[in-house]
S.K.: 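Dumping the structure here so I can ask a few things about it.
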Amino acid sequence: MNIGGTLIAGPAAGPLKGEIRVPGDKSMSHRAVMLAALSDGVTEIHGFLPGDDNLATARMFIDMGVGIDWLNDTKTSLRVHGVGLHGLQEPANVLDAGNSGTCVRLMTGVLAGQPFHSVLVGDASLHKRPMQRVADPVRRMGAHVDGREGGNKLPLAIRGGNLKAIRHVSEVASAQVKSCVLLAGLFADGTTKVSEPKPTRDHTERMLPLFGQPVDVAADGTIVLTPADRLTAPDEPVHIPADPSSATFFAVAASLVEGSAVTLAAIGTNPRRDGWRRILTGMGARLDTGNEASVGKETVADVQVRAGGLHGLDVDPQDVPDAIDEFPVLFVAAALADGEFVLEDAEELRVKESDRIAAMAAALRVAGADIEEQPDGARIRGVASLQGGIEVDAHGDHRIAMAMAVAAQRATGEIRIRNAAAIATSFPDFVPLAQALGMNVRWESE
Ligand code: S3P
């Protein structure tokens, strides 16, 4: 696990100001490398997120014989020499997903299609997370999957090949499960169908057609994939929008620090990722949108955030999957808003990089917030400010660490955030970008 690394944060010395572009989208960066690697031809990718999670995905393909040229030192641009759907080589060693659930679950789908043996491992946090949700469907398609707890926990040993298509009715609203089945479906005999209890991020469905693989969505929301037998590298480079999940930290910080005005440039506005804007707007936040544009099959816009106006909200359960990664920092907004914020039907938060309901309740409570943990969410009654001079534990979870750094901007003194090094998994430049906007945050060793 990403244990270690201490952040010292807050309080903000003055208003947050400026315009920034946060790094590329994590979900799309994983998918772009995967589809490029499985294509015939060479794909250029720009705006790639060089976080540890995405680098783990790239490394897995390198370990299976795919050539990747990094086109700049920051690793935001790369050229992937695809080997085609049937060109991966058996890896000589275990494949390490590190902290990344998206990497391991989507790769389960890819590896289920391979006629060789592979073993997926990760860090201590990933070894605690549920994998039955992907092991079960790929087994039904014909892959052999072994792992601890009957295949529910890593390490997973996979021997694939000869897949047959299935109709999968997912019990969890999870884009990782949906994407795993669709990726396995590329190798299956017949038409794969996936339905989910609530719609989730659809980047896989939007990106596959760029590589020549059609995906249909039926009137009832079922996703339908009939394999085209090959993926083809697109002629044009794939551009990845800025990650709304990273932008939300600064949107909440700007809402909370008096006098702030921050512009978040060119961030992804896919409706399945835009729950944070619907929820913050419902809470009275002052958001303005401009420069709306399309990037590939995705949409982007500049979002300006001005301070003030936050009140409580009963979150619409339909919005939960569309903001699933943003709840740690939305809890921070709620902790300092007027009135009560209620979140239900979000038990998935308990099986993320940490138990995010428990981790945020513990950290915010130490800071003097009024938060009541529920099995599937939380009730939060806003207070005027948080307490400083305290220490909290991010539990090796990047989003807990960044959320508490935002909370600290409205504390009466500094907050020490332990086990924050995991920020490198999704947002290696969080601290310098936060500082550029005027947030008070630094690594303890700096
Ligand atoms: C992701 C899906 C979500 C999200 C994760 C990224 C993806 O997980 O929490 O950070 O890229 O498909 P679930 O699908 O498990 O909800």
Side-chain angles (χ1 to χ4, degrees), residues 23-35 48-49 51-54 56-57 97-110 122 125-126 128-137 152 154 168 170-184 194-208 223 240-241 243-249 268 270 272-276 298 317-330 345-357 359-360 376 397-400 402-403 422-423 425-427:
D25 189 271
K26 178 157 75 76
S27 293
M28 288 185 228
S29 295
H30 283 298
R31 288 156 172 82
V33 170
M34 290 179 190
L35 300 188
F48 182 77
L49 172 63
D52 291 347
D53 282 11
N54 299 103
T57 293
N99 192 239
S100 176
T102 308
C103 171
V104 86
R105 295 204 180 101
L106 271 59
M107 288 307 293
T108 298
V110 171
S125 150
L126 200 58
K128 289 188 201 145
R129 296 178 65 188
M131 298 298 149
Q132 203 85 48
R133 51 182 67 193
V134 286
D136 276 350
N152 189 35
L154 298 182
H168 184 60
S170 180
E171 280 171 16
V172 276
S174 163
Q176 295 178 355
V177 172
K178 170 175 64 177
S179 301
C180 166
V181 177
L182 292 175
L183 289 167
V194 188
S195 57
E196 44 188 358
K198 288 180 195 171
T200 64
R201 66 191 68 193
D202 57 357
H203 305 305
T204 307
E205 300 92 299
R206 286 176 191 250
M207 204 179 279
L208 276 166
I223 298 115
I240 300 194
D243 196 328
S245 300
S246 297
T248 309
F249 294 105
N270 179 321
R272 299 281 73 81
R273 297 292 297 286
D274 215 19
W276 73 274
E298 300 280 348
Q318 277 308 117
D319 282 337
V320 169
D322 299 347
I324 193 70
D325 292 337
E326 288 66 79
F327 284 112
V329 76
L330 292 172
D345 208 12
E347 55 284 320
E348 274 295 301
L349 290 175
R350 294 203 179 271
V351 291
K352 294 293 179 189
E353 286 83 329
S354 68
D355 175 342
R356 286 184 172 160
I357 298 174
M360 284 308 297
D376 65 343
D397 182 332
H398 54 137
R399 299 205 196 278
I400 305 299
M402 292 184 278
I423 286 175
T425 61
S426 71
F427 200 166

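In each ligand, atom 1 is the first atom listed, and ligand 1 is the first ligand listed.
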S.K.: Just distances here: any N/O of Glu348 and N/O of ligand 1 closer than 3.5 Å?
M.R.: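 Between Glu348 and ligand 1 (N or O atoms, distance only) the closest approach is not under 3.5 Å.
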S.K.: Considering distance alone, does some N or O of Arg133 sit under 3.5 Å from an N or O of ligand 1?
M.R.: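 No; the residue has no nitrogen or oxygen that sits under 3.5 Å from a nitrogen or oxygen of the ligand.
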S.K.: Under 3.5 Å between any N/O of Arg399 and any N/O of ligand 1: does that happen in this structure?
M.R.: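 By distance alone, the answer is no.
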S.K.: Between Asp325 and Lys26, does any side-chain N to carboxylate O distance fall below 4.0 Å?
M.R.: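 Looking at Lys26 together with Asp325, the answer is no, because their closest N to O distance does not fall below 4.0 Å.
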S.K.: Which residues satisfy the salt bridge (Lys or Arg N to Asp or Glu O under 4.0 Å) test with Asp376, sequence neighbours excluded?
M.R.: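 Partners of Asp376 under the salt bridge (Lys or Arg N to Asp or Glu O under 4.0 Å) test: none.
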S.K.: Using only atom types and a distance under 3.5 Å, with no angle test, would you say the side chain of Lys178 pairs donor to acceptor with the backbone of Glu196?
M.R.: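 It does not hold such a pair.
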S.K.: Quick one: does Ser125's side chain have a donor or acceptor within less than 3.5 Å of a partner on Glu353's backbone?
M.R.: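 It does hold such a pair.
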S.K.: For the backbone of Cys103 and the side chain of Asp53, can you confirm whether one donor and one acceptor N or O come within less than 3.5 Å of each other?
M.R.: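 Looks like no, no N/O pair under 3.5 Å.
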S.K.: Can Asn270 and Asp202 be said to form a side chain to side chain donor-acceptor pair (under 3.5 Å), step by step?
M.R.: CA-CA 9 Å; Asn270 179 321; Asp202 57 357; 2.8 Å; yes
S.K.: With heavy atoms of Ile324 as the reference, note each atom of ligand 1 found under 4.0 Å away.
M.R.: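 The list of qualifying atoms is 9 (O).
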S.K.: Non-hydrogen atoms of His203 versus ligand 1: any pair closer than 4.0 Å?
M.R.: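 In this structure, His203 fails to qualify as a contact of ligand 1 - no heavy atom is under 4.0 Å.
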S.K.: Backbone, side chain, both or neither: what part of Lys178 comes under 4.0 angstrom of ligand 1, heavy atoms only?
M.R.: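 It is neither; nothing of Lys178 touches ligand 1.
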S.K.: Between ligand 1 and Ser179, is the shortest N or O to N or O distance under 3.5 Å?
M.R.: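 Among all N and O atoms of Ser179, none is under 3.5 Å from an N or O of ligand 1.
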S.K.: Any idea which atoms of ligand 1 are less than 4.0 Å away from a heavy-atom of Lys26?
M.R.: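 Checking each atom against Lys26, I get 10 (O).
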S.K.: Heavy atom under 4.0 Å from ligand 1: found in Lys352's side chain, backbone, both, or neither?
M.R.: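 The side chain, only.
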S.K.: Checking Ser179 now: which residues fulfil side chain to side chain contact (heavy atoms under 4.5 Å, CB included) with it, not counting sequence neighbours?
M.R.: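 So Ser179 forms a side chain to side chain contact (heavy atoms under 4.5 Å, CB included) with Arg31, Leu106, Thr204.
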